[in-house]
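One structure below.
Order of the sequence lines sets the chain letters (A, B, ...), proteins ahead of strands, with each chain counted from 1. Treat the numbers as computed from the prediction; the structure is a model and nothing was measured.
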Protein chains: 2
Amino acid sequence: MHGAASTGLPDVLQRCDHCPVRHQAVCGAMDEVQIRKLSQIAHRKRMVPGQTIISDEEPVDFFANVISGAIKLTKTLPDGRQQIVGLLFAPDFLGRAYSKSNPYSAEAATEVEICCFPNTAFERLASEFPGLQQRLFQHTLDELDAARDWMLLLGRKTAEEKVASFLLMLARRSLMIGCQHTGSASVASFELPLTRADMADYLGLTIETVSRQLTRLKTANVIKLHSNRLIAVPDIDRLATAAGQELGHY
Amino acid sequence: MHGAASTGLPDVLQRCDHCPVRHQAVCGAMDEVQIRKLSQIAHRKRMVPGQTIISDEEPVDFFANVISGAIKLTKTLPDGRQQIVGLLFAPDFLGRAYSKSNPYSAEAATEVEICCFPNTAFERLASEFPGLQQRLFQHTLDELDAARDWMLLLGRKTAEEKVASFLLMLARRSLMIGCQHTGSASVASFELPLTRADMADYLGLTIETVSRQLTRLKTANVIKLHSNRLIAVPDIDRLATAAGQELGHY
DNA sequence: CGACATGTTGAACCTCATCAACCGACGTGG
DNA sequence: CCACGTCGGTTGATGAGGTTCAACATGTCG
């Protein structure tokens with residue numbers, strides 16, 4: 001249950017140097033000396049789907065990098081209606097600077113592996129090293145952009161556009177990641193990191209509507225559903241059109 | 001048309017020292033020496049309702065503090081559907097660090113007065129003075145929280161709750177501001193900074209629905225409409241309930 | 001005064017939510 | 001081994017909440 005320990009190597013040697021997100025996450029801003037300090041306060045954790053990572057009730061005493069899997073940030077109304085306000089993937093950063101209390105909860109959507117740092121130690125490191133702070137700032141700006149994109153989706157898009165937009169986001173992500181390895185395959189295929197229920201909570205819809213729109217997109221040959229979770233996009237431009245983004249930008 | 005010039009005083013003396021947001025805006029983090037530097041690169045601007053301040057097309061070469069009025073940040077779909085993704089009031093900061101291009105437009109919603117700084121000079125100041133950068137970071141975190149609150153509203157709230165939530169936000173704002181002067185009046189009354197059309201774009205609704213929900217809240221005695229723009233809230237807790245927030249927190 | 005912008009109200013329509021039945025996969029216990 | 005419940009997902013029927021279209025009211029400005 002503990003990634004570092006399972007190899008038998010001392011933690012300090014094992015960690016960070018072999019970390020898959022060493023150069024993409026916030027740690028990317030740090031040099032060898034810095035990273036050594038960081039690795040001394042870091043430890044990995046595995047979570048199973050549905051497991052709560054942070055709650056909007058209790059104070060949080062750690063930050064974390066996402067190493068693998070997907071984490072959903074959720075907000076809930078008193079009567080139980082829920083909205084996913086953010087989705088965190090591989091090199092993303094979890095946690096809010098300058099505040100112990102979180103206005104939302106974080107929950108593992110899939111199997112998740114994270115790398116945790118105690119609050120205080122990490123903040124001290126950040127104040128010593130402005131590059132780290134700047135990286136956090138940058139990441140927050142990206143999250144803000146994403147949140148505002150999603151506001152447009154939630155407020156103004158139709159159910160079909162919403163589902164298509166979500167798939168488009170994942171398709172682009174999978175192409176981005178894929179392109180580093182292969183040359184370029186314009187056929188994106190990927191696995192859905194969310195259940196229908198989570199998709200509904202992310203898109204401001206119901207489970208049923210999500211399901212229906214998926215089958216609509218399937219019968220229109222915009223996507224292929226190999227299984228409940230496996231999706232292929234033969235023509236990404238058609239998907240973009242279905243998402244209401246008239247080709248070109250982005 | 002130029003606030004500083006109209007008094008006949010030299011700009012450097014006039015500016016900042018008498019600025020109404022001197023201690024609340026990002027400049028609040030700066031001491032006398034810093035603020036003198038800042039005042040040398042700053043200049044005020046007035047805008048009329050509807051005037052575009054920054055466009056998502058063109059690059060932006062300035063930051064700005066909002067001194068008075070309301071600014072709306074908007075995103076638009078290719079077919080014209082629009083969503084307001086942020087609203088800026090008096091001590092707020094306009095502009096995005098680390099990026100020339102903006103993913104949204106900014107437009108004056110009311111009469112607006114802003115205090116502009118050229119991009120490069122301001123960023124140099126920020127790098128000299130980490131307190132300023134941190135203040136910007138803080139402000140960005142607040143914007144992110146607000147955006148995510150709004151995602152919950154857009155995705156999960158009913159039309160009535162949306163309108164009530166918007167009014168509640170303004171009511172609380174007016175109480176916050178009012179409390180500094182008067183002791184405490186639990187009767188909030190304020191002026192709507194947005195037209196019905198803008199409210200619709202903010203709430204993900206149509207003009208007609210906004211209008212109808214306003215009259216519903218009026219006939220239910222949750223609010224009083226003195227004119228199209230003037231609102232009074234006799235019992236703010238009832239408004240909070242109508243907004244779907246079961247008393248207490250926030 | 002008429003033209004125009006802003007806002008309200010009514011009627012018809014449509015998208016999406018709700019309620020319900022059903023399916024297949026999986027795990028568990030008799 | 002199979003009956004059983006559960007979970008995630010699909011599909012259908014129905015209806016409500018909001019959009020759309022249209023008429024009208026009000027206020028402002030030339």
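The ring pair (Phe, Tyr, Trp, His ring centres under 6.0 Å) pairs that include a residue from residues 214-233 of chain B number zero, where partners must be two or more places apart or lie in different chains.
Here C:dT8 presents its C1' atom at 9 Å from CG of B:N228, a figure rounded to the nearest Å. Atom P of nucleotide C:dT8 and atom CD1 of B:I207 are separated by 10 Å, given to the nearest angstrom.
The backbone N or O of A:D201 sits less than 3.5 Å from a side-chain atom of A:Q83, completing a donor-acceptor pair. A donor-acceptor distance shorter than 3.5 angstrom exists from the side chain of A:K75 to the backbone of A:P103, with no hydrogens or angles considered. Between the side chain of A:R46 and the backbone N or O of A:E113 there is no donor-acceptor pair closer than 3.5 Å. Judged by distance alone, with hydrogens and angles left aside, the side-chain atoms of A:T76 form no donor-acceptor pair with the main-chain N or O of A:Q82 at under 3.5 Å. B:T52 places no side-chain N or O within donor-acceptor distance of the main-chain N or O of B:S55, the cut-off being under 3.5 Å.
One finds the CG atom of A:L203 at 7.5 Å from the CG atom of A:L154 (value rounded to the nearest 0.5 Å).
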Considering only nitrogen or oxygen atoms on both sides, find all protein atoms under 3.5 Å from nucleotides 12-17 of chain C and state each distance.
| residue | atom | partner | partner atom | Å |
| --- | --- | --- | --- | --- |
| C:dC16 | OP1 | A:A159 | N | 2.8 |
| C:dA17 | OP2 | A:T206 | OG1 | 3.2 |
| C:dA17 | OP2 | A:T209 | OG1 | 2.4 |

Grab the N/O contacts between the protein and nucleotides 20-26 of chain C below 3.5 Å, and write none if there aren't any.
none

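A cation-pi geometry, defined here as NZ or CZ lying under 6.0 Å from the six-membered ring centre and within 45° of its normal, holds between B:K45 and B:F62. Cation-pi geometry between B:K72 and B:Y104 is not met: the NZ or CZ atom fails to fall both under 6.0 Å from the ring centre and inside 45° of the normal.
For A:F117, the ring-ring contact (aromatic ring centres under 6.0 Å, His included) partners two or more places apart in sequence, or in a different chain, are A:F122.
Under 3.5 Å, the side chains of A:T206 and A:T209 contain a donor-acceptor pair of N or O atoms.
In 5' to 3' order, the nucleotides of DNA chain D bounding all contacts with chain A (an atom under 4.0 Å from a heavy atom) are D:dG9 to D:dA13.
Within a heavy-atom distance below 4.0 Å of DNA chain D, the residues of residues 192-203 of chain A found are A:T195, A:R196.
Partner of B:R172 under the side-chain contact (heavy atoms from CB on, under 4.5 Å) criterion, out of B:V233, B:I236, B:L239: B:I236 alone.
Within the 4.5 Å cutoff, side-chain heavy atoms of A:E160 are placed close to those of A:R216.
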